[in-house]
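To keep things clear, I will list the structure first and then write my remarks on it.
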Amino acid sequence: MSKIVIVGGGPAGLMAAERAALRGHNVILLEAKPSVGRKFLMAGVGGLNITHSEDYASFLNRYHGGANTLRRALDTFTPSAYRNWCHSLGIDTFVGSSGRVFPTSMKASPLLRAWLKRLNELGVTICTRHRWTGLDGHTIKVVHEGHNKHYPYEKLILATGGASWSNLGSDGKWTDILAAQSLSLVPFEAANCGFVVNWSPYMASCYGKPLKNVELSWQFNGTQHKRVGELRLDSKGIEGGLVYFASNHIRRTINEKGYCDITLNLLPNLSRTQIEKKLCSKPEKKSLSAHLKSKLKLSPAALTLFNERRHEDVINSLCSLKLRCIATFPLERAISSVGGVGWDLIDDNFQILPDVYAIGEMLDWDAPTGGYLLTACMAMGYYVGNAV
Ligand SMILES: Cc1cc2nc3c(=O)[nH]c(=O)nc-3n(C[C@H](O)[C@H](O)[C@H](O)COP(=O)(O)OP(=O)(O)OC[C@H]3O[C@@H](n4cnc5c(N)ncnc54)[C@H](O)[C@@H]3O)c2cc1C
C-alpha cells in the first residue's frame, strides 16, 4: 500500500483518487478551494455534457495534442466505459439529438454527490482549503488557513486544471511551482473561446444575440471545414458552441497570420437560386432607396444601378458573409485553456518528474465542447490512478 497524494479536486483528480483507492492505496486529495469539483458543477449549469456517442474513430479525431499518450488513456476509459461508470453511481444517461451524452437530470450535482460518497467509502481523505505551494524531494508544501504544512508522498498526482474561470480554482498559479523545478511550460491560451471580430461601430450595442442554424466555414491547413450550429453575437465579436468547435483552427490561424477569415451562411437550408427566387417574387421595399434619394440626392438611374448591385450583395451577405477574427476573447472567460505542461515533459505514463504525474486540463491539449473535455480528464485520471 503506497501513500498517494493527489493535488486538485476536479474530475481528473477525483477519478485518479477513485482508481488508486480501489487498488488499496492510501489516498489523500488536497484541494485549494473550500470544496471540490467547482468547475465540474459549473459545467452542469447549462446541462452537463459528459461525453459524446459518435463512433470512436471520429471521437478520437476531435482531440488536438496528446498523441499516443492521451489516446492510450482514452482507450482505457472510452465514452461507453464512462457511461457505465455513471450508471454504477446510480446516474442514468441519455444521448441527445446531437449525439451528446447527458445525465438524465442534466445536472452535475447528483453525480458529484454520489461520487464523493463512493470516495469516502473507499477511504479517500479529502482536505479542502489546502493550497499546494511547493515541491521538496518526496514532500509537498501546502498552505492551509495561513499555516505551512508538509505532505510526504510515494506517488504524487497533479490535477490542478487549466487557467480559465480562475474563481472556480483553476488559476494556473501552479506553473510557478513547476517552473521552479526547471520545467519549461507552454504559455496558456484560450480554447473553446469566442473571437474578437473587426466590427463596425454599428455593433457597439449588440449584446448576446443568438444566431441559430447558421453554417460556419473556415479553412485550416488547406482543408475547407463546415459546420452548422448556433453562435452568439456581441459588441466585441462572436462566441458559442459553433465557434468553440472551430476555435482550435481559428486560434492557430490567428497566431500564424494575425487574423482568421471565416464565412457564415445565414440560410444554409436554401440554395442561392431559391433565395433569388424568393427575393424576386415580392417587390422590394423602397425605404432604403428613398432614404438614399433624399439624403444623397441619387438620380433615378444611379438608384437603379445601386439596387441592381445591392440585390447581388444581399444574396452574398446571406450566403457567404465574411468575418475577420483578429483575437481570442480573454482566457479568463474561455471554457477551457491550452498550454501548461507540454507533452514533451511527460513520459508514456504521464510522469513529469520521478514519482510525479500530471493529468487533466493542466496538460497542453485541446478538444471542442461536446463532452470531449470531461471524457479526456476522466480518462487520464482513470489511467494514472490505475498506473500508480
Ligand atoms: C462554463 C463551463 C462549462 C463547461 N462545460 C463542459 C461540458 O459540458 N462538458 C465538458 O466535457 N467539459 C465542460 N467544461 C470543461 C470541464 O469542466 C473542464 O475541462 C474540467 O473540469 C477540467 O478538469 P480538471 O480536473 O483537469 O481541472 P479542474 O476541474 O479545473 O480542477 C482543478 C482543481 O485543482 C484545484 N487547484 C488548482 N491549483 C491548486 C493548488 N495549487 N493547490 C490545490 N488545489 C489546486 C482547483 O481549485 C480545482 O478544483 C466546462 C467548463 C466551463 C468553465
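First listed ligand is number 1; within each ligand, the first listed atom is number 1. Here the structure is a predicted model, which means the values were calculated and not measured.
Distances below 4.0 Å separate heavy atoms of C377 from the following atoms of ligand 1: 22 (C), 23 (O), 26 (O). Taking a cut-off of under 4.0 Å to the non-hydrogen atoms of G371, the atoms of ligand 1 that pass are 11 (O). Shown in contact with H130 at under 4.0 Å from a heavy atom are these atoms of ligand 1, numbered in order with element: 42 (N), 43 (C). The K33 neighbourhood of ligand 1 comprises atoms 47 (O), with distances under 4.0 Å to a heavy atom of that residue. Atoms of ligand 1 found under 4.0 Å from any heavy atom of G360, numbered from 1 in the order shown, are 26 (O). Heavy-atom contacts of G169 reach the following atoms of ligand 1: 37 (C), 46 (C), 47 (O) (cutoff under 4.0 Å). Interface of A159 with ligand 1, defined as ligand atoms under 4.0 Å from a residue heavy atom, comprises 32 (C), 33 (C), 34 (O).
Closest heavy-atom approach to atom 47 (O) of ligand 1 within the set R333, H52, E31, K39: this belongs to E31. Here atom 41 (N) of ligand 1 lies nearest to W132 when heavy atoms of W165, F40, Y372, W132 are compared. In the candidate list P11, A163, G8, A191, P11 is nearest to atom 21 (O) of ligand 1, counting heavy atoms.
Judged purely by distance below 3.5 Å, without hydrogens or angles, the side chains of D55 and S58 pair a donor atom with an acceptor atom. Between K141 and H150, the side chains place no donor N or O within less than 3.5 Å of an acceptor N or O (distance only, hydrogens not considered). Looking only at atom types and distance, the side chain of T128 has no donor-acceptor partner in the side chain of K33 under 3.5 Å away. With no hydrogens or angles considered, a side-chain donor-acceptor pair links D75 and Y56 at under 3.5 Å. No hydrogens or angles considered: nothing links the side chains of R324 and N198 as a donor-acceptor pair under 3.5 Å.
Salt-bridge annotation for R129 and E31: absent, with no side-chain N of the basic residue lying under 4.0 Å from a carboxylate O of the acidic one. Under 4.0 Å is where a charged nitrogen must lie from a carboxylate oxygen, and between K3 and E154 no such pair does. Comment: R227 does not engage E215 in a salt bridge, judged by the lack of any side-chain N to carboxylate O separation of less than 4.0 angstrom. We find that R272 and E276 are not joined by a salt bridge, their nearest charged nitrogen and carboxylate oxygen being 4.0 Å or further apart.
When atom types are taken as modelled, the side chain of D234 and the backbone of G237 share a donor-acceptor pair closer than 3.5 angstrom. Without hydrogens or angle criteria, S337 side chain to A163 main chain gives a donor-acceptor distance under 3.5 Å.
Annotation: atom 15 (C) of ligand 1 to nearest protein heavy atom, L373 CD1, 3.8 Å. Among protein heavy atoms, atom 39 (C) of ligand 1 sits closest to T160 CG2, 3.7 Å. Among protein heavy atoms, the minimum distance from atom 13 (C) of ligand 1 is reached at A43 CB, 3.9 Å. Summary of contacts: the protein heavy atom closest to atom 9 (N) of ligand 1 is N49 O, 2.9 Å. The closest protein non-hydrogen atom to atom 27 (O) of ligand 1 is G161 CA, 3.4 Å. Scanning the protein for heavy atoms near atom 31 (O) of ligand 1, the closest one is G10 CA, 3.4 Å. At the shortest separation from atom 25 (O) of ligand 1 among protein heavy atoms lies A12 N, 3.0 Å. The shortest contact between atom 30 (O) of ligand 1 and any protein heavy atom is with S170 CB, 3.4 Å.
The distance criterion of under 3.5 Å between nitrogen or oxygen atoms is met by A32 with respect to ligand 1. In terms of N/O distances under 3.5 Å, ligand 1 is approached by L374. Considering both main-chain and side-chain atoms, E361 comes within under 3.5 Å of ligand 1 through a nitrogen or oxygen pair. Note: no N/O pair closer than 3.5 Å links M362 and ligand 1 by distance alone.
For D364, the side-chain hydrogen bond (donor to acceptor under 3.5 Å, both in side chains) criterion is met by no residue, not counting sequence neighbours.
Under a 4.0 Å heavy-atom criterion, I335 is in contact with ligand 1. Within the 4.0 Å heavy-atom shell around ligand 1 one finds M42. Under the 4.0 angstrom criterion for non-hydrogen atoms, V7 is in contact with ligand 1.
In terms of heavy-atom proximity, I177 sits nearest to L135 at CG2-N, 4.1 Å.
Of the heavy atoms in S336, none comes closer than 4.0 Å to ligand 1. With a heavy-atom cut-off of 4.0 Å, K173 does not touch ligand 1 at all.
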Take E18 and W115 through the test side-chain hydrogen bond (donor to acceptor under 3.5 Å, both in side chains) and record every step on the way to the result.
-> CA-CA 9 Å; E18 177 179 331; W115 198 2; 2.8 Å; yes
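When side chains are defined from C-beta on, T51 counts as touching R83, because their heavy atoms get closer than 4.5 Å. Counting only heavy atoms from C-beta outward, the side chains of L30 and I28 approach each other to under 4.5 Å.
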